[in-house]
Enquirer: 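Can you keep this structure in mind? I'll have questions shortly.
Letters A, B, ... mirror the listed sequences (proteins, then strands); counts begin at 1.
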Amino acid sequence: MEYPFQEIEKKWQKYWEKKRLFYVNEQDQRPKYYLLSMFPYPSGALHMGHISNYSIADAVARYKIMQGYKVLQPMGYDAFGLPAENYAIEHNSHPKITTHQNIEKMRKQFKSIGFGYDWDREFATCDEEYYRWNQWIFLKMYEKGLIYRKSSFVNWCPFCQTVLANEQAEHGYCWRCETKVEQREVEQWFIKITDYAEELLDHSKLGKWPQRVITMQKNWIGKSYGTEIFFKIAESNEIIPVFTTRPDTIFGCTYMVLAAEHPLVRKLKKGSPNEKEIDEFVNRIINEDKILRTAEDTEKEGIFTRRYAINPVNGERIPIWIGNYVVMEYGSGAVMCVPAHDQRDFEFSNKYELPIKIVIQNWDKSLKLEKMKSAYVDDGIMTNSEQFDGMKSREAINKISEWMEQKGIGKKTVNYRLRDWGISRQRYWGTPIPIIYCDKCGIVPVRENELPVKLPDSVQVGKTTQNPLATVSDFVNTTCPKCGGPAKRETDTMDTFFDSSWYYARFCDPKNDKLPFDKEIASHWLPADQYIGGIEHACMHLLYARFFHKFFRDIGLTLTDEPFTNLLTQGMVTKDGAKMSKSKGNIVDPQSFIDRYGSDTIRVFMLFASPPEKDVEWNDEGLKGAFRFLNRIWILVSEKNDFLIHCPKNYDEDIEISQSLRNLRYSTHHTIKKVTQDIENRMQFNTAIAAIMEHLNNVTSFNINEDSSNIEKAIYRESIEVIPKLLSPFAPHLAEEIWEMLGHKPSILESGWIAYNKKFLVKNEITYVIQINGKLRSKVIVDKNTSKNEVEKLALADPKVQKYTKGKKIKKIIVVPKKLVNVVVE
RNA sequence: GCGAAAGUGGCGGAAUUGGUAGACGCGCUGGACUUAGAAUCCAGUCCUGAUUUCUCGGGGUAGGGGUUCAAAUCCCCUCUUUCGCACCA
């Protein structure tokens, strides 16, 4: 027999919707709990990862509702971006059409699973009413000086004549035509997230975040203390700043290397006798695959510019090289090279026969240039460094920096690995950047009251060989807000990480047409108490969102420092030990399983299979196991229903009862305690569900019939009534159904969470484990009031124990109250 | 290379503070029901050795060492896996 899950699930989904149990507002007096799951890209169908993620979130939401919170659990769609554009190209359609079709499908699917969302707050980032606030935020950041233009390199496919995203240019070849991707320099918009680097490094105002994520963010930001040293270029007025963490080695600097992308390269090579060679070298390096080029085992290569810089501490002329091992993305894109004390420089100078000079001696002063097989990178004693000679190198770092600061040739700085955030995308399906270019007035931001700059529909995606928006003359041609003359619009769109950086706040006030969100309303809900999503967003999305929140605070839109108090990063759903993916062909579609076993079953399986932050291995048989469990509950209650509703609800708690009845009552209250703690303290749903299963086993093995006493009937009834309560976060439909069958008024969500009675957790008999030398040998059951001495005596009197103690000297006896006795013998 | 996390039956995983290792589920084995299968129910299931049975012993949490009356849990070393960073100046 199978329980009618289809009927039941539909029935309760309708009921919840009708009663609006998941719709919340600010006036509601219950304490708030904002539970947010990372919103999905609308691909058209939920995959297993979504089911897992949203089942976790819904379990927490329902538990919190039963605890008396008003839970804000919203849902929306991260709808802009390249995948949608590609999808439309493939299906020969328009992203607006396909995206909306996909959203329809997903909403329907969400509803059929019965997740408790406040649907009044639903939005998609491609909605005009949403992205206009992207533009508004952009303008505010622009006003605050957080946005600037800079030229940088993009992937360019010369065959498709188009810009490629990094993931489209994997291994350096175009994903569509397999042409070798080139690097082109393009002017792009950047956000100064680095202004907030220091604050983003401070994770002290967060609640429970996985240590792993915090560490990843710290590495990503990559703060390091060092010194910036200014090198003058000989026969020029140019100054090259160089960042180093080892200013103590400055006297050993024998040359300098610039990154191939360094802006000064262009000037330096001009008029050089080997200009052509330099050009060839630079072009080759720039167009090499980034990952390959920056691998540690890639051979170092370089070319001499035939120009020199002046080492500011001793006036020496040092050659300037261009090398593949220096990257533009870190520091200033130029390094001072100290071959004696840096392994990379050591290798490079050996290859190109550049001079090596020891300026740090090892502690026994045995370092000899001729014998060096690698750089000496450790601390030591300063040498060949003029007035710093004899000093410990560790101390010299600071001393030299201060001396250079005084002389104006350097300064102590902090360097971050974190780069400013390039948000320009040469793509159609995104938020238009609200900027106008006027020949007379230059760069002019769009006026706030003219927002939104609408994304035009009339673009044939995939058919253009240039930036798609540039082909729409109605869009491009406009008038300058300043002078009224003819002007052109920016045709780049925004990175979709911009959209997802503040959706959490919009959910608080999703209909606002005056502001992205109202300060008062947002402060009511923010910060989100619990955020749930994948670990893959540890750095980018979570850093951007934290940055946005701090920016909102600085312009007076929010009150707190952090957007998400607690973070849970859930694991992936795997099949055969690997992430489900198209390329591996191991994708399992959840829908067929939902149709066959119901949404409660798939939820229970997902939550039961492993703790939330670990991966879940998909298993058809395991799913059936979850179904069997739910079915067993339904059969138990429906078969005994008539009997159960005639069992008394209350009983005298102090009355003496049999041991087996006492055990049943213990199981009931112990399970409540276990499930509550597992959810509350650890979000460990697998053990919570296991506890319910165990309790169900205890209940079904208890003998009860019409002739049983009233107290037996009452305790039995109680043991069954806790099941729907505790099950409600995990299998909400079945829980409601059973709750109603047992004669209660729906909804179970409004019935409150259940408390256990401590009194019933006290056992009147205690089983002591008896060990001899730490090995389990016997057990004794004693009354709970038995004293330590008596337990000890009883243990020694045990025949099995005597077998081991006979004729031996007892050295020690350890009694752990209520647990065990360990007898130590010779 | 650096950093972090982890390693427990055939499998997913329990063991919350050092105190009965393997909860719960899957799978498997045997039985009941059935013409048969599916479903369901009952019993068993870490390895291993005795034992007619009730049972009794030995070993066991990647490997090795240590602390402790007592270690999956704490410490040291080694191995493996996963993840993050990676020519970071």
Enquirer: Output the pairing pattern of RNA chain B as a dot-bracket string, 5' first, Watson-Crick or G-U wobble with both distances under 3.5 Å, | for cross-strand pairs, [ ] for crossing pairs.
Expert: (((((((..(((......[....)))((((((.......))))))(((((....)))))..(((((..]....))))))))))))....
Enquirer: Using a 4.0 Å heavy-atom cut-off, write out nucleotides 67-73 of chain B from 5' to 3' as B (base contacted by protein), S (sugar-phosphate only) or - (no contact).
Expert: --BS---
Enquirer: Excluding sequence neighbours, so at least two apart, what forms side chain to side chain donor-acceptor pair (under 3.5 Å) with A/D798?
Expert: A/S778
Enquirer: A/Y756: what forms a ring pair (Phe, Tyr, Trp, His ring centres under 6.0 Å) with it, not counting sequence neighbours?
Expert: none
Enquirer: Once you apply a heavy-atom cut-off of 4.0 Å, does A/R417 come out as touching a base, just sugar-phosphate, or nothing?
Expert: base
Enquirer: Using a heavy-atom cut-off of under 4.0 Å over every strand shown, decide if A/V257 touches base, sugar-phosphate, or nothing.
Expert: nothing
Enquirer: Could you list the residues that satisfy side chain to side chain donor-acceptor pair (under 3.5 Å) with A/H695, not counting sequence neighbours?
Expert: A/S667
Enquirer: Counting the atoms with a prime plus P, OP1 and OP2 as sugar-phosphate, which does A/R777 contact under 4.0 Å by heavy atoms, base, sugar-phosphate, or nothing?
Expert: sugar-phosphate
Enquirer: With respect to the side chain of A/N324, which nucleotide from B/rC85, B/rA14, B/rC87 is positioned closest?
Expert: B/rC87
Enquirer: Closest approach to the side chain of A/Q684, judged atom by atom: which nucleotide of B/rA15, B/rG57, B/rC87 is it?
Expert: B/rA15
Enquirer: Of all residues at least two apart in sequence or in a different chain, which pass the side chain to side chain donor-acceptor pair (under 3.5 Å) check with A/D620?
Expert: A/W618
Enquirer: Classify the nucleic acid contact of A/T215 as base, sugar-phosphate or nothing, counting any heavy atom under 4.0 Å across all strands shown.
Expert: nothing
Enquirer: Test of understanding: with ring pair (Phe, Tyr, Trp, His ring centres under 6.0 Å), list the residues that count as partners of A/Y63, not counting sequence neighbours.
Expert: A/W753
Enquirer: Mind checking the P distance from B/rC24 to B/rC41? Whole angstroms is fine.
Expert: 15 Å
Enquirer: Could you run down nucleotides 25-34 of chain B 5' to 3' and tag each one B, S or - for protein heavy-atom contact under 4.0 Å?
Expert: SSS-------
Enquirer: Under the criterion side-chain contact (heavy atoms from CB on, under 4.5 Å), I'd like the reasoning laid out for A/T244 against A/V335: C-alpha separation, chi angles, the key distance, then a yes or no.
Expert: CA-CA 7 Å; A/T244 181; A/V335 292; over 6 Å; no
Enquirer: List in chain and number order the residues that pass side chain to side chain donor-acceptor pair (under 3.5 Å) with A/E299, two or more places apart in sequence or in another chain; answer none if no residue qualifies.
Expert: A/K351
Enquirer: For the C1' atoms, the ones on B/rG18 and on B/rU68, what distance do you get once it is rounded to whole angstrom?
Expert: 9 Å
Enquirer: Not counting sequence neighbours, which residues clear salt bridge (Lys or Arg N to Asp or Glu O under 4.0 Å) with A/E536? List them please.
Expert: none
Enquirer: With sequence neighbours left out, write down each residue that passes salt bridge (Lys or Arg N to Asp or Glu O under 4.0 Å) with A/K575, or none if nothing qualifies.
Expert: none
Enquirer: Please evaluate the base of B/rU20 for a donor-acceptor partner in the side chain of A/K775 within a cut-off of under 3.5 Å?
Expert: no
Enquirer: Within 45 degrees of the axis of the six-membered ring of A/Y325 and under 6.0 Å from its centre: does A/K300 put its NZ or CZ there?
Expert: yes
Enquirer: Identify, with sequence neighbours excluded, every residue that meets side chain to side chain contact (heavy atoms under 4.5 Å, CB included) alongside A/A259.
Expert: A/E261, A/V326, A/M328
